[in-house]
Peer 1: 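This structure is in structure tokens; I'll ask about it shortly.
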Protein chains: 2
Amino acid sequence: MQSKPPTIKDIAKKLHLSVSTVSRALRNVPDINPETKRNILELAEELNYQPNKLARSLRQNQTNTIGVIVPNLDYVISTMVKGIDEAALEAGFTVIVCQSNESFGREVVNTRRMLNSLVDGFIISISSETKSNEHFKVLQEREIPMVVFDRVIPDILASSVILDNEEGGFIATEHLIEQGYRKIAILAGPKTLGISNSRFKGYQKALKKHNIKFDPELVVHCDFNQDFAFFATEELLSSKKRPDAIFTISDRMAIGAMLAIKNKGLKMPEEIGLVGFNNEPSLALFTPSISSVEQPSFEIGKMAGKIFIEQFLNTSFSDIREEVLKPKLCIRESSMRKI
Amino acid sequence: MQSKPPTIKDIAKKLHLSVSTVSRALRNVPDINPETKRNILELAEELNYQPNKLARSLRQNQTNTIGVIVPNLDYVISTMVKGIDEAALEAGFTVIVCQSNESFGREVVNTRRMLNSLVDGFIISISSETKSNEHFKVLQEREIPMVVFDRVIPDILASSVILDNEEGGFIATEHLIEQGYRKIAILAGPKTLGISNSRFKGYQKALKKHNIKFDPELVVHCDFNQDFAFFATEELLSSKKRPDAIFTISDRMAIGAMLAIKNKGLKMPEEIGLVGFNNEPSLALFTPSISSVEQPSFEIGKMAGKIFIEQFLNTSFSDIREEVLKPKLCIRESSMRKI
DNA sequence: ATCGTTTCCGGAATCGTTACCGGAAATAAT
DNA sequence: ATTATTTCCGGTAACGATTCCGGAAACGAT
């Protein structure tokens with residue numbers, strides 16, 4: 001009994017019209033008698049007609065779909081994706097999300113697969129492995145719209161929406177300094193990532209401003225990973241130069257650090273301070289609750305989406321935009337030594 | 001300078017062949033001279049030819065894409081989706097994920113939109129609002145393959161993969177009983193959801209087995225929501241019949257409950273026990289760490305994916321399968337009163 | 001009455017691919 | 001040598017929509 005979904009042809013036949021007339025009625029174009037249009041729309045409604053998107057996209061060479069490529073779907077990024085989603089929805093676009101799982105290979109594959117006429121363009125946050133940008137240059141040659149966000153791609157001509165990561169590193173560090181901490185360690189992320197370096201730079205800037213000598217031994221580069229952070233912290237705590245505060249550039253790392261601190265039996269915030277980055281909701285639930293740098297994730301995503309749409313609709317060559325949004329410090333128990 | 005991507009036609013023209021020959025070479029079909037096939041493949045490689053999926057899908061009336069509709073992307077469900085992803089990848093399928101955000105309306109819309117020739121079938125976990133299943137009956141009439149998982153749809157003929165939720169409720173409750181708790185409250189989810197009721201049933205069964213009288217006042221139905229759970233727990237704790245243990249059917253609710261318990265100044269697990277459901281990773285990080293029922297999420301997803309593929313490839317009418325996987329209790333500090 | 005303009009519609013090409021049919025050439029069988 | 005069978009390839013019609021072109025009918029103006 002399986003009946004195929006009705007097509008434009010079925011409607012045309014039943015009303016003794018041509019497919020072109022039906023097509024005109026179904027879209028919002030002139031050159032159509034209001035009455036016949038009404039008839040067509042009625043029958044379409046009755047048959048529950050739904051246009052075949054494949055056919056339309058094939059013909060129009062346009063899919064009204066944005067390909068979003070992200071390294072993972074953690075709290076921050078999934079919030080950003082929601083922002084993209086909202087911007088897309090408002091413009092009648094659909095979003096397809098692909099995780100690269102921090103793998104360069106999958107990033108390349110995903111880009112290629114989506115490019116096969118599935119999407120009109122891309123909104124991208126690169127994987128931590130990604131160093132080359134060859135696979136994106138192909139897109140540029142074909143003039144396929146592209147916006148990068150969060151983790152941007154160096155040396156590529158595309159609009160970008162990012163957090164002011166340097167500012168984030170700065171306010172976190174300065175806050176610790178103001179709370180009286182002096183030997184502040186940083187758990188920085190992988191050196192390959194721009195966001196790591198920017199946050200690290202902000203850290204250094206804050207130290208300099210307050211005349212605290214920068215000590216390279218208090219810097220640990222490790223993966224965005226709770227376990228790595230745990231071990232790194234253990235090592236820091238048992239070294240001669242035991243820090244009296246730790247700034248981690250992600251919350252996962254902050255949690256790892258906290259576990260190590262608890263293990264060591266140190267009191268927080270009295271003996272050691274801690275500030276994370278991202279402000280994931282669970283931070284408020286720990287004892288002590290953990291301070292963190294909050295970023296406007298949803299807004300970043302939404303802005304990326306809006307810029308994409310804008311550039312897509314602008315047939316004329318639109319300008320490259322670089323949006324930088326400001327972070328905000330969220331102070332909790334883990335770093336509140338002074339009342 | 002934007003050059004359109006090469007098509008099968010371009011290849012044909014350059015090699016003075018017909019498109020049908022090229023098409024044959026590009027697929028794995030006989031009726032082709034090995035040498036010409038080699039030539040074609042070489043040129044395709046050189047031009048970096050990628051088949052246009054839209055055209056292929058339009059022609060074949062098949063997209064090799066599975067539409068996955070979920071109420072949200074929390075820890076458990078996103079793990080399940082990863083399982084689906086893996087099964088799909090192995091079979092050469094792509095997955096498109098859509099969140100209904102627990103809204104019936106969006107579920108219907110998403111289903112309809114995806115159905116417009118974007119997907120070959122569905123793997124679904126319904127929203128908590130969903131009561132009617134009309135929008136799925138349409139799928140059945142068109143014989144569109146469909147597998148339900150996690151939260152199943154009542155009264156519909158489709159294969160399903162779920163957790164043994166009754167067993168989950170049972171082992172959690174029995175564990176609390178074995179730890180000496182007697183007045184065990186349950187924060188059950190929305191009454192509309194099958195999983196709520198099953199877990200509740202398991203709870204009752206455990207009480208009965210151990211000859212503990214069931215007390216309806218210790219049952220609270222509320223949303224899967226940390227705040228609701230917080231207030232519900234506050235109320236429970238200040239009532240005459242203050243419970244000495246709480247079983248929540250989700251971890252979010254467990255966290256809410258724990259906050260209320262801490263607020264009240266009760267000692268855990270000495271004065272009150274707590275067991276959650278889902279075993280989210282953060283549970284281990286709280287003090288005290290929270291016990292929870294773990295489900296094999298990835299396996300559930302992967303099995304759903306496999307069954308889908310199987311049914312899709314089986315043109316003959318395949319059997320309805322009902323897979324029920326077993327949960328596992330993960331005991332932590334929040335419920336360990338006896339050593 | 002003639003010509004020009006609108007208004008409205010149909011025909012046909014097109015998007016890139018696959019599927020079916022048939023036919024020429026080469027090979028095998030009688 | 002004739003027939004039968006492979007082997008390999010081309011032509012063409014789909015799939016379902018959009019788009020361009022042109023033309024018939026209706027209307028208006030002179």
Side-chain angles (χ1 to χ4, degrees), chain A residues 2-41 43-44 47-65 92 113 115-120 142, chain B residues 2-41 43-44 47-65 92 113 115-120 142:
Chain A
Q2 70 181 23
S3 55
K4 283 194 179 176
T7 75
I8 217 172
K9 251 186 221 167
D10 300 323
I11 298 181
K13 207 172 288 174
K14 288 206 182 182
L15 293 179
H16 304 288
L17 291 169
S18 76
V19 288
S20 37
T21 307
V22 178
S23 175
R24 269 192 296 265
L26 260 25
R27 292 170 290 152
N28 261 346
V29 292
D31 271 26
I32 179 97
N33 186 325
E35 192 180 346
T36 55
K37 180 169 179 175
R38 208 169 41 73
N39 286 335
I40 292 174
L41 290 182
L43 183 57
L47 295 179
N48 191 22
Y49 166 79
Q50 303 286 128
N52 184 315
K53 287 199 180 164
L54 292 181
R56 168 180 291 172
S57 297
L58 176 61
R59 180 62 236 255
Q60 296 189 328
N61 197 25
Q62 178 176 325
T63 58
N64 273 274
T65 303
R113 285 180 68 149
L115 194 50
N116 295 345
S117 23
L118 292 181
V119 301
D120 291 336
R142 288 202 192 153
Chain B
Q2 70 180 25
S3 56
K4 282 193 178 176
T7 75
I8 218 172
K9 251 187 219 167
D10 300 322
I11 298 182
K13 209 171 286 173
K14 288 205 183 185
L15 294 179
H16 304 288
L17 290 170
S18 76
V19 289
S20 36
T21 307
V22 178
S23 176
R24 268 192 296 265
L26 260 25
R27 292 171 290 156
N28 261 347
V29 292
D31 271 28
I32 179 98
N33 186 325
E35 193 181 344
T36 54
K37 179 169 180 177
R38 208 169 41 73
N39 286 335
I40 293 173
L41 290 182
L43 183 57
L47 295 179
N48 191 22
Y49 166 80
Q50 302 285 130
N52 184 314
K53 286 198 182 164
L54 292 180
R56 169 179 291 171
S57 296
L58 176 61
R59 180 64 236 251
Q60 295 190 327
N61 196 25
Q62 179 177 324
T63 58
N64 272 275
T65 302
R113 284 180 70 147
L115 193 51
N116 295 346
S117 26
L118 292 181
V119 301
D120 291 335
R142 289 202 191 154

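Proteins come first, then strands; the chains are lettered A, B, ... in the order of their sequence lines, and each starts at number 1.
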Peer 1: Assess the residue pair A:Leu118 and A:Thr65 against the criterion (side-chain contact (heavy atoms from CB on, under 4.5 Å)); give the C-alpha distance rounded to whole Å, side-chain angles, the decisive distance to 0.1 Å, and a yes or no.
Peer 2: CA-CA 7 Å; A:Leu118 292 181; A:Thr65 303; over 6 Å; no
Peer 1: Going through the checks in order, is the side-chain contact (heavy atoms from CB on, under 4.5 Å) test met by B:Leu26 and B:Leu41?
Peer 2: CA-CA 7 Å; B:Leu26 260 25; B:Leu41 290 182; 3.7 Å; yes
Peer 1: Of the residues in residues 26-37 of chain B, which ones touch DNA chain D at a heavy-atom distance under 4.0 Å?
Peer 2: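 Contacts with DNA chain D under 4.0 Å: B:Asp31, B:Ile32, B:Asn33, B:Pro34, B:Thr36.
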Peer 1: Roughly how far, to the nearest 0.5 Å, is the NZ atom of A:Lys4 from the CZ atom of B:Arg142?
Peer 2: 11.5 Å
Peer 1: Identify the 5'-most and 3'-most nucleotides of DNA chain C with at least one atom closer than 4.0 Å to a non-hydrogen atom of chain A.
Peer 2: C:dC8 to C:dG16
Peer 1: Which is more 5' along DNA chain D, the nucleotide nearest B:Ala55 or the one nearest B:Ser18? Just name the residue.
Peer 2: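 Nearer the 5' end of the strand: B:Ser18.
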Peer 1: Check for a donor-acceptor pair, side chain of A:Thr36 on one end and backbone N or O of A:Asn33 on the other, with a separation under 3.5 Å.
Peer 2: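 Looks like yes, one N/O pair under 3.5 Å.
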Peer 1: Which residues pass the side-chain contact (heavy atoms from CB on, under 4.5 Å) test with A:Asn116, sequence neighbours left out?
Peer 2: B:Gln50, B:Lys53
Peer 1: Looking only at atom types and distance, does a side-chain atom of A:Asp120 sit under 3.5 Å from a main-chain N or O of A:Asn64, one as donor and one as acceptor?
Peer 2: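 The answer is yes, because a donor-acceptor pair under 3.5 Å joins these two groups.
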Peer 1: Go through the steps for B:Leu58 and A:Asn52 under the test side-chain contact (heavy atoms from CB on, under 4.5 Å), then give the verdict.
Peer 2: CA-CA 9 Å; B:Leu58 176 61; A:Asn52 184 315; 4.2 Å; yes
Peer 1: What is the distance from CG of B:Leu54 to P of D:dC15, rounded to the nearest Å?
Peer 2: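 After rounding, the reported distance stands at 17 Å.
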Peer 1: Measure CZ/B:Arg56 against C1'/D:dA14 and give the value in whole Å, please.
Peer 2: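 Between C1' of D:dA14 and CZ of B:Arg56: 17 Å.
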Peer 1: Report the distance from atom CG of A:Asn52 to atom P of D:dA14, rounded to the nearest whole Å.
Peer 2: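 So the two atoms are 17 Å apart, to the nearest Å.
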Peer 1: Please check: side-chain N/O of B:Thr63 versus main-chain N/O of B:Ser57, any donor-acceptor pairing under 3.5 Å?
Peer 2: no
Peer 1: Distance alone, cut at 3.5 Å: any donor-acceptor contact between the side chains of A:Ser20 and A:Ser23?
Peer 2: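 No.
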Peer 1: Do you know the tightest heavy-atom contact between B:Ala25 and B:Ile40?
Peer 2: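 Smallest interatomic distance, heavy atoms only, reads CB-CD1, 3.5 Å.
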Peer 1: Does the D:dG10 base have a donor-acceptor partner in the side chain of B:Arg24 within less than 3.5 Å?
Peer 2: yes
Peer 1: Between A:Pro51 and B:Arg59, which is nearer to the 5' end of DNA chain D once each is assigned its nearest nucleotide?
Peer 2: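 The answer here is B:Arg59.
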Peer 1: Contact list please: residues 7-17 of chain B against DNA chain C, heavy atoms, distance less than 4.0 Å, in numerical order.
Peer 2: B:Thr7, B:Ile8, B:Lys9
Peer 1: Show every salt bridge (charged side-chain N to carboxylate O under 4.0 Å, His left out) that has at least one partner inside residues 8-29 of chain B, sequence neighbours left out.
Peer 2: none
Peer 1: Looking at A:Ser23, I'd like to know whether one of its side-chain N or O atoms comes within less than 4.0 Å of OP1 or OP2 on D:dT18.
Peer 2: yes
Peer 1: How long is the line joining CD of A:Gln62 and C1' of D:dT19, in whole Å?
Peer 2: 14 Å
Peer 1: Can you give me the bend angle of the helix from C:dA1-D:dT30 to C:dT30-D:dA1? Use the axis through the first five pairs and the one through the last five, nearest 10 degrees.
Peer 2: 50°
Peer 1: Do B:Tyr49 and B:Ile8 have side chains that get closer than 4.5 Å, going by heavy atoms?
Peer 2: yes
Peer 1: Tell me the interatomic distance from A:Gln60, atom CD, to D:dC20, atom P, rounded to whole angstroms.
Peer 2: 11 Å
Peer 1: Where is the tightest heavy-atom contact between B:Ala12 and B:Ser18, given as atom of each residue plus distance?
Peer 2: CB-C, 3.9 Å
Peer 1: May I ask you to evaluate whether B:Thr21 reaches the phosphate of D:dC9, defined as a side-chain N or O under 4.0 Å from OP1 or OP2?
Peer 2: no
Peer 1: So for atom CG, which belongs to A:Asn28, do other residues, nucleotides or ligands contribute more than 12 heavy atoms lying within a distance under 6.0 Å?
Peer 2: no
